[in-house]
Amino acid sequence: MSYALTTTVKRSFADALQAARTSLLDQGFGVLTEIDIQATMKAKLDVDVPPQVILGACRPPLAYAALQVEPSVGLLLPCNVVVRYLNDKTTVVEALDPKIMVSLTHNDGLSLVADEAGRRLAAALKTLTPALTGS
């Protein structure tokens with residue numbers, strides 16, 4: 001089982017990051033956290049890595065429903081979406097597949113929540129795809 005929903009887009013890192021934020025909002029997710037991996041690795045280890053940002057995305061009705069079924073599922077929240085630089089014109093955007101919640105917890109009661117979250121995350125990533133045929 002793959003653990004990621006992934007798309008590769010012909011966009012600069014900065015453009016893809018902004019587009020990912022917008023797409024998540026359009027699908028009802030708020031971005032609760034943002035971790036700049038490049039800045040963190042430089043500050044903590046003095047190493048240079050390509051740009052990469054982790055967006056902690058949350059759709060409160062889905063999070064609430066998941067918590068009602070599996071109180072410890074908070075360990076797997078929020079949904080992580082990673083925007084990762086490949087080169088000046090190409091960026092990867094990945095989201096943790098929410099079905100992982102079901103497989104890790106062995107709680108099939110999370111299936112409906114995972115399916116809806118997965119549909120919404122896939123839709124958010126799909127809106128980024130048209131840039132593949134662009135400039």
Side-chain angles (χ1 to χ4, degrees):
M1 171 184 207
S2 172
Y3 62 91
L5 307 172
T6 304
T7 190
T8 302
V9 295
K10 294 290 183 191
R11 293 180 185 233
S12 69
F13 174 79
D15 181 48
L17 180 57
Q18 186 54 47
R21 285 187 197 111
T22 300
S23 293
L24 288 166
L25 287 172
D26 290 346
Q27 289 299 318
F29 290 92
V31 175
L32 302 178
T33 60
E34 196 164 315
I35 302 168
D36 184 333
I37 297 295
Q38 183 182 47
T40 300
M41 293 295 126
K42 188 65 175 175
K44 301 294 182 182
L45 301 175
D46 196 28
V47 296
D48 295 311
V49 298
Q52 184 171 196
V53 170
I54 302 170
L55 302 173
C58 180
R59 181 165 168 78
L62 293 177
Y64 178 73
L67 289 164
Q68 298 309 298
V69 174
E70 179 70 42
S72 293
V73 81
L75 292 165
L76 302 172
L77 299 177
C79 296
N80 282 326
V81 177
V82 175
V83 181
R84 183 168 43 92
Y85 172 94
L86 281 184
N87 61 49
D88 289 342
K89 295 181 182 178
T90 311
T91 304
V92 173
V93 182
E94 301 173 295
L96 183 67
D97 187 339
K99 290 179 184 171
I100 293 299
M101 290 188 305
V102 180
S103 64
L104 286 176
T105 64
H106 304 288
N107 185 337
D108 289 334
L110 290 170
S111 292
L112 291 175
V113 172
D115 289 347
E116 182 176 348
R119 279 192 300 276
R120 288 176 178 274
L121 289 169
L125 295 182
K126 188 175 180 178
T127 65
L128 304 174
T129 304
L132 282 170
T133 58
S135 55

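Sequential numbering from 1 along the given sequence is applied to the chain's residues.
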Heavy-atom side-chain proximity of Y3 to D97 below 4.5 angstrom: no
L76 CG to M101 CE distance, which is reported to the nearest 0.5 Å: 7.5 Å
Path from L112 to V69 over hydrophobic side-chain contacts below 4.5 Å: no
Residue pairs involving residues 49-61 (criterion salt bridge (Lys or Arg N to Asp or Glu O under 4.0 Å); sequence neighbours excluded): none
Closest non-hydrogen atom pair, E34 against L17: OE2-CD2, 4.5 Å
Point-to-point distance, once rounded to the nearest 0.5 Å, from CG of N80 to CD1 of I100: 12.5 Å
Worked check of side-chain contact (heavy atoms from CB on, under 4.5 Å) between R21 and L55: CA-CA 8 Å; R21 285 187 197 111; L55 302 173; 4.2 Å; yes
Interatomic spacing from CD in E70 to CG in N107 - rounded to 0.5 Å: 4.5 Å
R120 side, atom CZ; L24 side, atom CG - distance, nearest 0.5 Å: 11.5 Å
Which atom of L121 lies closest to which atom of P98, heavy atoms considered: CD1-CG, 3.7 Å
same_hphob_cluster(V92, Y85) at 4.5 Å side-chain heavy-atom cutoff: no
ILVMFWY network linking V93 to L32, side-chain heavy atoms under 4.5 angstrom: no
Main-chain N/O of L67 paired to Y64 side chain as donor or acceptor, under 3.5 Å: no
Hphob cluster co-occupancy, M41 + I54, side-chain heavy atoms under 4.5 angstrom: yes
Hydrophobic cluster identity match, L25 and V83, side-chain contacts under 4.5 Å: no
Under 3.5 Å donor-acceptor, Q38 side chain and V49 backbone: yes
Side-chain donor-acceptor pair present, S12, D15, cut-off under 3.5 Å: no
Side chain R84, main chain Q52, donor-acceptor under 3.5 Å: no
Distance-minimising heavy-atom pair for L5 and G118: CD1-O, 4.0 Å
Point-to-point distance, once rounded to the nearest 0.5 Å, from CD of E116 to CG of L62: 4.5 Å
Check: N87 side chain, T90 main-chain N or O, donor-acceptor pair, under 3.5 Å: yes
Minimum heavy-atom distance A39-D36, with the two atoms named: N-OD1, 2.9 Å
Smallest separation among heavy atoms of V81 and A57, with atom names: CG2-CB, 4.4 Å
NZ/NE/NH1/NH2 to OD/OE distance under 4.0 Å, D115 and R119: no
SG on C79 to CD on Q27, rounded to 0.5 Å: 12.0 Å
Closest non-hydrogen atom pair between A117 and F29, with its separation: O-CZ, 4.1 Å
Within-4.5 Å side-chain heavy-atom neighbours: L86 and T8: yes
